[in-house]
Protein chains: 2
Amino acid sequence: MTLGDIEFPTPSEDADCRPVREILDRIADKWSLYIFVALKDGPVRFNALRRQIDGISQRMLTITLRQLERDGLISRTHFPTIPPRVDYELTAVGRSLLAPVMALMTWADSNRDVIEQARWQYDQTR
Amino acid sequence: MTLGDIEFPTPSEDADCRPVREILDRIADKWSLYIFVALKDGPVRFNALRRQIDGISQRMLTITLRQLERDGLISRTHFPTIPPRVDYELTAVGRSLLAPVMALMTWADSNRDVIEQARWQYDQTR
DNA sequence: ATAGAGTAGTATCAAATTGTGACCAACCCT
DNA sequence: AGGGTTGGTCACAATTTGATACTACTCTAT
């Protein structure tokens with residue numbers, strides 16, 4: 001068997017790609033993946049997410065959470081206490097996305113040396 | 001078994017996350033995933049990619065291809081003919097990333113109705 | 001009593017990223 | 001000779017993201 005023969009699970013061939021694009025553009029943006037991973041073990045509060053996801057601004061965290069909520073991937077629970085408390089949690093649909101997302105994370109983790117070296121080699125030849 | 005008990009493949013718990021972030025930020029940008037999918041069946045020429053990936057600009061295609069090449073995920077082959085011909089192709093490492101990427105695509109494809117509906121519902125309540 | 005920190009945001013403006021259209025050189029076809 | 005193809009690059013405009021400050025309220029420490 002050559003590498004070219006490997007079969008991958010594919011979406012139906014002639015599917016209209018636009019809706020898929022709209023979904024992927026949400027998942028594959030700068031922050032969504034990290035929010036996903038941060039929520040994998042259960043509900044997390046807003047500022048806890050902010051501390052956990054290094055480098056995210058309050059603004060982008062709010063915006064990205066709203067979009068994920070709109071897509072039904074996470075749920076937002078507001079407790080009207082003082083100080084306010086807002087929990088974010090993966091929905092059932094969101095959890096079903098966790099498997100492919102974690103597969104991607106795992107790939108990235110186990111291939112970082114290879115990529116690091118490829119970058120170094122590329123930069124040598126300019 | 002409750003949903004909370006599902007175990008996902010995880011990168012080593014205390015791994016330094018920065019290199020993983022650098023890799024994911026490349027994969028999870030606006031165009032890389034689509035380039036990946038476009039190359040899944042074999043080498044494709046520059047302008048063929050441009051036609052296949054709807055909405056990408058020549059500039060972003062060039063930039064993204066260079067970055068993927070730097071990471072060793074795709075290879076670039078230049079044929080000095082007239083008119084010039086440049087083939088882009090997944091490397092072995094690139095192909096190993098294809099499985100998780102296609103899993104993501106497949107998820108997006110099979111969940112688009114659910115997400116479409118969630119969006120509609122969210123927009124109703126504003 | 002008062003200063004400081006924490007809560008979950010919003011508003012405003014600057015900085016970075018991405019898109020747009022023009023341009024290139026070398027050829028082929030009519 | 002004019003128009004089309006190839007794979008780019010360049011300058012500039014539009015969009016997206018980031019940084020900083022601000023909100024209103026409470027609890028804790030000085």
Requested in this report: Mind calculating the distance between CZ (B:Phe46) and P (D:dT5) to the nearest angstrom?
Outcome: 15 Å
Query raised in the report: Got a sec, which residues hit salt bridge (charged side-chain N to carboxylate O under 4.0 Å, His left out) with B:Arg119, two or more places apart in sequence or on another chain?
Result: A:Glu22, A:Asp71
Report summary line: Sorted by chain and number, sequence neighbours left out, salt bridge (charged side-chain N to carboxylate O under 4.0 Å, His left out) with A:Asp25 holds for none
Report summary line: salt bridge (charged side-chain N to carboxylate O under 4.0 Å, His left out) filter on B:Asp41, not counting sequence neighbours, yields none
**Report entry** Electrostatic pair B:Asp123-A:Arg70, nearest N-O below 4.0 angstrom
**Finding:** yes
Query - side-chain hydrogen bond (donor to acceptor under 3.5 Å, both in side chains) partners for B:Asp54, two or more places apart - result: none
Report summary line: Residues passing the side-chain hydrogen bond (donor to acceptor under 3.5 Å, both in side chains) test with B:Ser96, sequence neighbours excluded, are A:Trp107
Report task. To the nearest Å, give me how far apart CZ (A:Arg85) and P (D:dT26) are. Result -> 19 Å
Query raised in the report: Closer than 4.0 Å, any side-chain N/O of B:Arg45 to the OP1 or OP2 of D:dG7?
Result: yes
**Report entry** Separation of D:dT17 P from A:Asp29 CG (nearest whole Å)
**Finding:** 7 Å
Report summary line: Whole-Å distance, B:Ile53 CD1 to C:dT18 P, equals 15 Å
**Report entry** Five-pair end axes of the helix from C:dA1-D:dT30 to C:dT30-D:dA1 and the angle they enclose, rounded to 10°
**Finding:** 10°
Requested in this report: Please list, chain by chain and in numerical order, all residues satisfying side-chain hydrogen bond (donor to acceptor under 3.5 Å, both in side chains) with A:Thr64, sequence neighbours excluded.
Outcome: none
Under 3.5 Å, which donor-acceptor pairs link side chains of residues 43-53 of chain A to any protein atom two or more places apart or in another chain?
from    : atom 1 : to      : atom 2 : distance (Å)
A:Arg45 : NH2    : A:Pro84 : O      : 3.4
A:Asn47 : OD1    : A:Arg50 : NE     : 3.3

Requested in this report: Strictly below 4.0 Å, heavy-atom distances to any atom of DNA chain D: list the hits from residues 62-83 of chain B, or just say none.
Outcome: B:Thr62, B:Arg66, B:Arg76, B:Pro83
Between the protein and nucleotides 18-22 of chain D, list the N/O to N/O atom pairs that are separated by less than 3.5 angstrom.
from   : atom 1 : to      : atom 2 : distance (Å)
D:dG18 : OP1    : A:Lys30 : NZ     : 2.9
D:dG18 : OP2    : A:Trp31 : NE1    : 3.3
D:dG18 : N7     : A:Arg59 : NH1    : 3.1

Requested in this report: Would you mind classifying the nucleic acid contact of B:Arg50 as base, sugar-phosphate or nothing, using non-hydrogen atoms under 4.0 angstrom?
Outcome: nothing
Query raised in the report: How close or far is atom C1' of D:dG8 from atom CZ of B:Arg51, stated in whole angstroms?
Result: 15 Å
Query raised in the report: Is it true that the side chains of A:Ser32 and A:Asp29 contain a donor and an acceptor less than 3.5 Å apart?
Result: yes
Report task. Only counting residues at least two apart or in another chain, list the ones meeting salt bridge (charged side-chain N to carboxylate O under 4.0 Å, His left out) with B:Asp113. Result -> none
Report task. Could you list the residues that satisfy side-chain hydrogen bond (donor to acceptor under 3.5 Å, both in side chains) with B:Glu69, not counting sequence neighbours? Result -> none
